[in-house]
Amino acid sequence: MSHTTTESGLRDAVLSAASELAGERAATQASRRTTLERPPKPDFGDYSTNAALLLAPAAKSSPRELAGRLGELLSSRLSGELDRFEVAGPGFLNLYLSDSWHVRALAKVLEAGDDFGGGGMRERERVIVEFVSANPTGPMHVGHARNAAYGDALARLLAFCGHEVWREFYVNDAGSQIAKLGESILALANHMRVPEDGYRGEYVERLVASMTNATSRSAQELGRDAVDVMIGEIQRSLHEFRVIGFDHWQRESVLHEPRADLLSEDGRALSPVEHALELLERHGHTYRDDGALWLRSTDFGDDKDRVLVRSNGEHTYFASDIAYHQDKRERGFDRQVDVWGADHHGYIARMRAAYEALGGDPDHLEMLIMQLVHLVHRGERAQMSKRAGEFVTLDDLLDEIGVDAARWFLLSRSHDTTIDLDLDLAREQSSENPVYYVQYAHARIASMLAKAGQGRVEGALEEVGRASERLHPAERALVKKLVGFGGEIDEAAMRRAPHRIATYALELAQDFTAFYRDCRVVGAETPVLESLRIALSVASQRTIARSLDLLGVSAPAEM
RNA sequence: GCCCCCGUAGCUCAGCUGGAUAGAGCAUCGGACUUCUAAUCCGAGGGUCCCAGGUUCGAAUCCUGGCGGGGGCGCCA
């Protein structure tokens, strides 16, 4: 028997009662669309369900009549937990839960401890999340910062839900862009013009200065060294940005090196790229044309076929990426998540095609596109160009508004909406950033609990559930908000939408602050009531801290 | 031309696998500091949810067609 003091437990109780009234088959069919939600207004009850609206036809009954019978049945099953019910509108069933339900629900929240809200996934998967993957040809700009914050938060979220998460950064250290960087450095070192399509900007000058004997070395060598320097800078910036360390930095160049465990039919060691191409060729998914090797990606839904090996014999970036995805699959991950920039969207169809051609299940490959961050300056959109050296770097952003405000800003919006960043405005308003409101609620609880004393708090947690006082509406609202955390986590994870956690955290902080305003905690009318309120504060503090942690935002004990 | 994302309050954005009177922060206006931390709280004003059809008992949400903004359509990465 599931606990009806959790949202999922309550929902199960509704579904089970509905299935008794309308038949199991109909209830099962409608179960996905059956909602149990906290209505917008307290007048509509603590929870509300549309079950009767969905099942009325199957029950050969009017929605309102069925809702009434459903209410009766639930009343008898949840005696002591359900105060009353109401049938509303076209056939909603509004449930009014008792104070003792709220108290027991709080006890359940506290019982879960620090893991409250986590572990909700039905099946545990091995997930690899590849994100940032900024080209090491320059510092990270705010677009990369968004990708980093999102990928990091998503990985934290999936791990909290119980998945085994592996984080990876794909380093494009091969190919023409690196050569261009090397050429640009060489040109500058020789006091010559940087090539038209080369790299410029203050950081390139710094690279030149950091290279010894630059003028006597090849562009290729310089490019390679510059990549190492840039990766070091990227790592430092990411660390600063509180991105949890990557489990692996996969260099593209390594995918071109032979590996003893990958053998051709005649026993020769193959590189991962050769290995992937061999598999594709063997299964007849490639052909030669104009001296190039093509993937017949149109067979798998792409608009046109794609080149794997150019007529000059060089592999395309696409070929490396195919090898990379194949390698990840061979390493045994159940699911691959790629977090890519907006400019990669046209790349999705071909990657999925290649993945499928190699025998992968396309449902296990998720390519998530981050929309752009637009810079706004004095009301005008500004262009960001790395080659021209004009952009706002992650480091600049952190200098201006700090890690917490930056992460909150980037993470409180959906990944598929473009966001405008006005640095002047961000700087001006950073003290008004809602992140501080949430942190302040956390700090305030910490201070309050310190005032109560550790022993008093422990005592309060011992006797949760003993309270029998009438609850204040603010207390009831706060309990319900806490009870909804697990569902919110599951939803955010399922939708790959960590920004929902930010919305939740703000709402929770608001509900806590209303409770704090209306209900005296330390020094409440009775010791039992004080205990209940201390327990409620502890649960709120933990949940705020957890929400902030999932976003990579700090939860200070004082402000 | 084709593909993807977006269009919700003055601004920035939530809400979107359909649900009740559409929300938050900021900004504006008015009020509350003898505190459990005022980085707070209370109150007010502010909306053709881009437009037009369609599906439905019910549409900001789903479908179709427009309009507007952004991005992508290389033997670049």
Side-chain angles (χ1 to χ4, degrees), chain A residues 32-33 35 37 39-41 43-44 48-50 53-54 56 62-63 88-92 94 133 135 137 172 174-178 180 197 252 289-294 303-304 306-321 341-349 369-372 374 376 379 381 409 412-422 425-426 428-429 431-441 443-452 494-495 497 499-500 502-504 506-507 510 513-514 516-524 533-534 537 558-559:
Chain A
R32 217 171 49 84
R33 291 167 56 218
T35 57
E37 54 188 0
K41 297 188 72 171
D43 298 357
F44 294 152
S48 157
T49 177
N50 65 351
L53 281 163
L54 298 174
S62 81
F92 291 104
N94 297 337
S133 300
N135 281 357
T137 50
N172 302 136
S176 56
Q177 297 307 320
I178 307 299
K180 268 177 201 151
D197 57 351
E252 183 188 353
D289 190 35
D290 282 346
L293 183 70
W294 296 72
D303 306 348
K304 41 185 160 182
R306 309 289 174 176
V307 171
L308 297 169
V309 182
R310 295 195 275 264
S311 48
N312 67 6
E314 284 176 17
H315 293 105
T316 58
Y317 169 83
F318 182 41
S320 305
D321 218 3
D343 55 340
H344 272 62
H345 113 265
Y347 198 72
I348 292 177
I369 296 300
M370 302 301 299
Q371 293 301 320
L372 297 185
H374 280 126
V376 177
R381 279 199 172 155
F409 176 81
S412 57
R413 294 142 164 80
S414 159
H415 73 274
D416 54 15
T417 187
T418 51
I419 52 187
D420 285 339
L421 170 63
D422 184 327
L425 203 63
E428 247 172 60
Q429 294 188 348
S431 66
E432 304 301 330
N433 191 312
V435 72
Y436 298 121
Y437 181 92
V438 179
Q439 290 181 316
Y440 187 70
R444 179 182 255 170
I445 297 171
S447 148
M448 211 172 65
L449 295 178
K451 181 160 185 160
M494 213 171 58
R495 295 180 189 235
H499 75 278
R500 284 176 160 265
T503 303
Y504 175 86
L506 182 57
E507 288 170 358
Q510 284 169 331
T513 304
Y516 175 85
R517 180 191 68 226
D518 293 340
C519 303
R520 179 83 200 179
V521 179
V522 180
R533 289 177 177 170
I534 288 175
S537 302
E558 57 184 49
M559 288 175 76

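In the text below, chain A, chain B and the rest are named by the order of the sequence lines, each starting its count at 1.
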Using whole Å, report how far [atom1] of [X] lies from [atom2] of [N].
X: A/Y347; N: B/C5; atom1: OH; atom2: P; result: 20 Å
X: A/N433; N: B/G25; atom1: CG; atom2: C1'; result: 9 Å
X: A/Y317; N: B/C76; atom1: OH; atom2: C1'; result: 11 Å
X: A/D422; N: B/C26; atom1: CG; atom2: P; result: 18 Å
X: A/I419; N: B/G69; atom1: CD1; atom2: C1'; result: 16 Å
X: A/F92; N: B/G19; atom1: CZ; atom2: C1'; result: 4 Å
X: A/N312; N: B/C75; atom1: CG; atom2: C1'; result: 7 Å
X: A/D420; N: B/G70; atom1: CG; atom2: P; result: 11 Å

Within the 4.0 Å heavy-atom criterion, would you say [X] contacts the bases, only the backbone, or no part of the nucleic acid?
X: A/A446; value: nothing
X: A/M370; value: nothing
X: A/R495; value: base
X: A/S414; value: sugar-phosphate
X: A/A292; value: base
X: A/R306; value: nothing
X: A/N50; value: base

Are the side chain of [X] and the backbone of [Y] linked by a donor-acceptor contact shorter than 3.5 Å?
X: A/N433; Y: A/V435; value: yes
X: A/R310; Y: A/T316; value: no
X: A/R33; Y: A/T35; value: no

Could you measure between the two [atom1] atoms, the one in [N] and the one in [M], and give it in whole Å?
N: B/G47; M: B/U8; atom1: C1'; result: 8 Å
N: B/C5; M: B/G65; atom1: P; result: 14 Å
N: B/A32; M: B/G70; atom1: P; result: 47 Å
N: B/C41; M: B/G25; atom1: C1'; result: 16 Å
N: B/A39; M: B/A52; atom1: C1'; result: 47 Å
N: B/G43; M: B/C26; atom1: P; result: 15 Å
N: B/U61; M: B/C16; atom1: C1'; result: 4 Å
N: B/G10; M: B/C49; atom1: P; result: 12 Å

Candidate nucleotides [options], ranked by approach to the side chain of [X] - the nearest:
X: A/Y437; options: B/C75, B/C41, B/G19; answer: B/C41
X: A/T417; options: B/G19, B/G15, B/C6; answer: B/C6
X: A/D416; options: B/G19, B/A14, B/C6; answer: B/C6
X: A/S311; options: B/U17, B/C75, B/G19; answer: B/C75
X: A/P90; options: B/A20, B/G19, B/A77; answer: B/G19
X: A/L372; options: B/C57, B/A77, B/G71; answer: B/G71
X: A/Q371; options: B/A20, B/C5, B/G25; answer: B/C5
X: A/D290; options: B/C13, B/G70, B/C75; answer: B/C75
X: A/Q177; options: B/G25, B/A77, B/U40; answer: B/A77
X: A/S176; options: B/A20, B/A77, B/A39; answer: B/A77

[N] pairs with which nucleotide, Watson-Crick or G-U wobble, both distances below 3.5 Å?
N: B/U12; answer: B/A24
N: B/G43; answer: B/C29
N: B/G65; answer: B/C51
N: B/U17; answer: none
N: B/U34; answer: none

For [X] and [N], is the shortest distance between a side-chain N/O and OP1 or OP2 below 4.0 Å?
X: A/R310; N: B/C76; result: yes
X: A/R517; N: B/C33; result: no
X: A/K304; N: B/G74; result: yes
X: A/R413; N: B/C6; result: no
X: A/Q510; N: B/G25; result: yes
X: A/Y440; N: B/A39; result: yes
X: A/H499; N: B/G15; result: yes

Which of A/V521, A/I534, A/V522 passes side chain to side chain contact (heavy atoms under 4.5 Å, CB included) with A/L449? Answer is A/I534
RNA chain B: 5'-proximal contact among A/Y436 and A/E37 (nearest heavy atom):
A/E37
Assert: residue with more 5' nearest nucleotide on RNA chain B, out of A/V307 and A/F409, is A/F409
Answer with yes or no whether [X] presents, from its side chain, a donor or acceptor under 3.5 Å of a partner atom in the base of [N].
X: A/H345; N: B/C3; answer: yes
X: A/S48; N: B/A20; answer: yes
X: A/T418; N: B/C6; answer: no
X: A/N94; N: B/A20; answer: yes

So [Y] and [X], do their side chains get closer than 4.5 Å, heavy atoms only?
X: A/K180; Y: A/Q177; answer: yes
X: A/L308; Y: A/W294; answer: no
X: A/S311; Y: A/D290; answer: no

Calculate, to the nearest 0.5 Å, the distance between atoms OG1 and NE2 belonging to A/T417 and A/H499 respectively.
9.5 Å
Can you classify the ring geometry of A/Y347 versus A/F318 as parallel (below 30°), tilted (30 to 60°) or perpendicular (above 60°)?
perpendicular
Where do A/E252 and A/S320 land on the side chain to side chain donor-acceptor pair (under 3.5 Å) test, with the steps shown first?
CA-CA 7 Å; A/E252 183 188 353; A/S320 305; 2.9 Å; yes
